[in-house]
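Being a predicted model, the structure only gives us computed values, none of them experimental.
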There are 2 protein chains.
Amino acid sequence: MATIRDIAKKMGLSVSTVSRALNDNQRISIHTRKRVKKMAQELGYQPNYNARNLTNQEANAVGVVFPVNNRVVDNIFYVGLLRGINEELTSKNYVLSVAIGNSTEQVLENVKSMITRAQIKRFILLYSHINDPVIELLRKQPVTFVTIGKPAAGQKWLYVDNNNVKAGADGTRFLMERYHVSNPIFAESPNGWPYELDRREGYLREMSQTNRKPVIFAVPDEDEHQLDRLIKENPQMDGVVATDDYTGLKIYHRFKTLHPDKEIEVVGYNNSLPNELTDQHFHSVDLHPKEMGQDAVQLLFENQIEARVKHTIVEHSI
Amino acid sequence: MATIRDIAKKMGLSVSTVSRALNDNQRISIHTRKRVKKMAQELGYQPNYNARNLTNQEANAVGVVFPVNNRVVDNIFYVGLLRGINEELTSKNYVLSVAIGNSTEQVLENVKSMITRAQIKRFILLYSHINDPVIELLRKQPVTFVTIGKPAAGQKWLYVDNNNVKAGADGTRFLMERYHVSNPIFAESPNGWPYELDRREGYLREMSQTNRKPVIFAVPDEDEHQLDRLIKENPQMDGVVATDDYTGLKIYHRFKTLHPDKEIEVVGYNNSLPNELTDQHFHSVDLHPKEMGQDAVQLLFENQIEARVKHTIVEHSI
DNA sequence: CTGAAAGCGCTTACAG
DNA sequence: CTGAAAGCGCTTACAG
């Protein structure tokens with residue numbers, strides 16, 4: 001591999017000049033910069049990241065942290081995020097390092113080692129939990145981090161999120177306007193995830209604005225009878241806004257089993273189902289994970305001072 | 001951060017001795033080694049990976065390469081693999097670097113840069129395609145790599161895979177023995193993925209051994225009528241072995257819609273569906289992605305000479 | 001059993 | 001506008 005020393009020798013320049021020229025240092029004449037870059041090209045010069053990182057006392061890597069307990073559902077989303085993150089990192093000549101483990105302790109050790117041994121100074125967390133030990137750690141360290149999902153009320157840090165209230169309202173309106181649904185119900189998990197609360201709020205707003213009676217289903221994981229009962233108690237329902245595609249699909253199937261001849265339109269979130277499983281009555285709000293990943297990187301590299309508590313909202317689409 | 005120089009000074013030893021002691025070099029007395037390690041502990045010494053990698057001319061990182069076009073289905077599997085890979089890497093003090101992109105060119109550039117700039121010498125590919133440019137590149141470079149999935153016939157390199165013929169047979173037998181299914185049909189995609197062919201072979205073997213008539217469904221992505229027709233043409237069917245969970249679930253629902261009162265048992269593969277979507281008649285063969293990831297790392301670090309074309313088969317379970 | 005020294009490939013304060 | 005030199009924190013061949 002050619003080094004800057006090779007370029008320097010070949011051109012009768014000093015190593016310092018070559019280094020500066022390659023880094024576009026103003027102090028080197030434009031002419032020299034051009035010549036050096038051309039020679040670098042010719043020799044197939046590739047910078048040695050390890051050497052550079054050693055001098056810089058900082059790695060050209062971003063640590064991407066996975067949550068410990070993730071639902072199967074979310075994995076699809078994570079890969080989309082990775083795509084966006086890496087696309088953006090590549091153009092910055094940065095590298096994507098992953099921290100993932102089966103326990104909080106493992107992940108914590110992983111991240112600590114990234115900071116102290118690998119000298120990584122920037123992190124993206126694919127989640128945003130309350131009282132998360134990793135987040136607590138990062139806040140105390142001289143590093144920058146961005147979470148996917150907003151922090152709980154009262155907390156402040158950099159994050160990327162969707163506007164879930166709007167996403168809830170949009171999903172609801174979509175059913176009413178495009179499919180002439182009269183009585184959409186809202187379905188959520190019993191867990192009360194933050195994004196669920198927001199989407200529900202959007203649903204409620206939309207329902208009250210159009211003077212309709214809102215109905216909330218809390219759909220239990222295992223109990224099918226409970227779900228059947230809810231469906232039977234609401235003969236008026238002709239549409240579903242479900243906080244995730246899985247819940248939506250489940251309700252869709254139960255509904256069709258109970259009422260084979262009735263039509264129903266469903267909106268879920270996340271585009272997490274393959275076409276194999278859905279049909280034309282099933283819709284999903286795309287939260288654009290790839291774009292969220294890209295925006296996370298942007299935030300991470302913005303001027304640290306003005307970006308203390310900034311965030312980015314990614315538009316969704318149906 | 002404490003460095004080996006700090007330890008050396010504090011103990012009146014040379015930097016060389018400290019370095020050797022920490023690396024358990026035989027030439028240093030056990031006594032000294034112990035003392036040095038204790039002091040390292042006390043000072044909270046953490047090795048600087050960038051420095052070490054620079055001297056070693058090799059990064060303590062494994063490049064994990066994602067396929068360009070992945071189906072939603074697979075994402076679930078990838079996260080499981082990542083878990084296994086990173087667990088194993090952590091114990092080796094190695095780091096996980098990801099290469100992922102939207103085009104072959106992007107991924108190829110990504111990997112090239114890992115080799116030449118980051119000096120990564122070991123790779124794991126989360127796929128195993130024929131004529132894949134990344135694989136072609138890696139074969140020519142002085143690096144080691146392992147694929148998830150076996151290479152096409154005639155090709156040879158390190159890989160980790162399941163025994164899919166056995167997995168096909170086991171799934172079939174599982175239905176017959178545990179659920180007294182008499183006439184399981186086999187469902188596959190029209191794509192003819194290698195693992196599908198193998199699972200089908202296992203199914204056929206099991207059927208012929210028990211003197212039953214095999215039936216193969218090629219399930220199209222979009223055409224529901226085609227699927228309905230197949231179901232109607234086979235009134236004897238009381239079980240399904242599907243090459244993936246999605247196909248299995250789809251057939252299950254169509255079957256239940258056409259025959260609300262008949263029972264049917266389904267086996268899919270990959271454990272890729274959340275409980276929300278399945279019930280007690282739906283089963284899935286677990287291919288143990290986490291274990292596959294761990295084994296991939298093991299292979300990657302085995303003695304290079306004896307492991308030229310070795311592979312590991314991970315046991316599945318239902 | 002231990003040490004002094006060179007070297008890995010960069011960046012940058014200092015000097016001119 | 002360019003260069004000589006120090007330094008980042010390690011490992012290891014050479015010497016004793």
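There is a side-chain donor-acceptor pair under 3.5 Å between Asn102(B) and Glu87(A). Residues Asp132(B) and Tyr127(B) bring a donor and an acceptor atom of their side chains to less than 3.5 Å of each other.
Using a 4.0 Å heavy-atom distance criterion, Asn23(A) is classed as a sugar-phosphate-only contact. Residue contacts for Arg27(B): at a heavy-atom cut-off of 4.0 Å it reaches a base atom on one of the strands shown. Using a 4.0 Å heavy-atom cutoff across all strands shown, Arg20(A) reaches at least one base atom of the nucleic acid. Base engagement by Ser16(A) is indicated by at least one non-hydrogen atom pair under 4.0 Å involving a base atom. At the heavy-atom level, Asn56(A) lies under 4.0 Å from the strands shown only through sugar-phosphate atoms. Ser19(A) comes within 4.0 angstrom of a base, heavy atoms only.
Nearest-nucleotide assignment on DNA chain C puts the 5′-proximal partner with Ser29(B), out of Ser29(B) and Leu54(B). Between Ile28(B) and Gln119(B), the one whose closest nucleotide on DNA chain C sits nearer the 5' end is Ile28(B).
Taken together, the paired segments of DNA chain C that extend over three or more consecutive Watson-Crick or G-U pairs, each closer than 3.5 Å at both contacts, are C:1-3 with D:14-16, C:5-12 with D:5-12, C:14-16 with D:1-3.
DNA chain D lies under 4.0 Å from no heavy atom of any residue of residues 35-48 of chain A.
Using bins of under 30°, 30° to 60° and over 60° for the plane-to-plane angle, the ring pair Trp157(B)/Phe145(B) lands in the tilted bin.
Across Asp295(A), Val146(A), Ile124(A), Leu300(A), a single residue satisfies side chain to side chain contact (heavy atoms under 4.5 Å, CB included) together with Ile85(A), and that is Ile124(A).
The environment of Asp24(A) atom CG is dense: over 12 non-hydrogen atoms of other residues, nucleotides or ligands sit within 6.0 angstrom.
Bracketed by its first and final contacts, the part of DNA chain C lying under 4.0 Å from non-hydrogen atoms of chain A reaches from dG9(C) to dA15(C) in 5' to 3' order.
Using a 4.5 Å cut-off on side-chain heavy atoms (C-beta onward), Asn270(B) and Ile76(B) make no contact. Taking 4.5 Å as the limit, every side-chain heavy atom of Lys150(A) sits out of range of all side-chain heavy atoms of Ser128(A). By the 4.5 Å heavy-atom criterion applied to side chains, Asp161(B) and Ile148(B) are not counted as neighbours. Glu42(B) is listed as a side-chain neighbour of Lys38(B), based on a closest heavy-atom distance under 4.5 Å. In this structure the side chain of Asn93(B) reaches within 4.5 angstrom of the side chain of Tyr49(B), judged on heavy atoms.
Nucleotides dG16(C) and dT12(C) are separated by 16 Å at their C1' atoms, to the nearest Å.
When ring centroids are compared, Tyr94(B) and Phe301(B) come within the 6.0 Å threshold.
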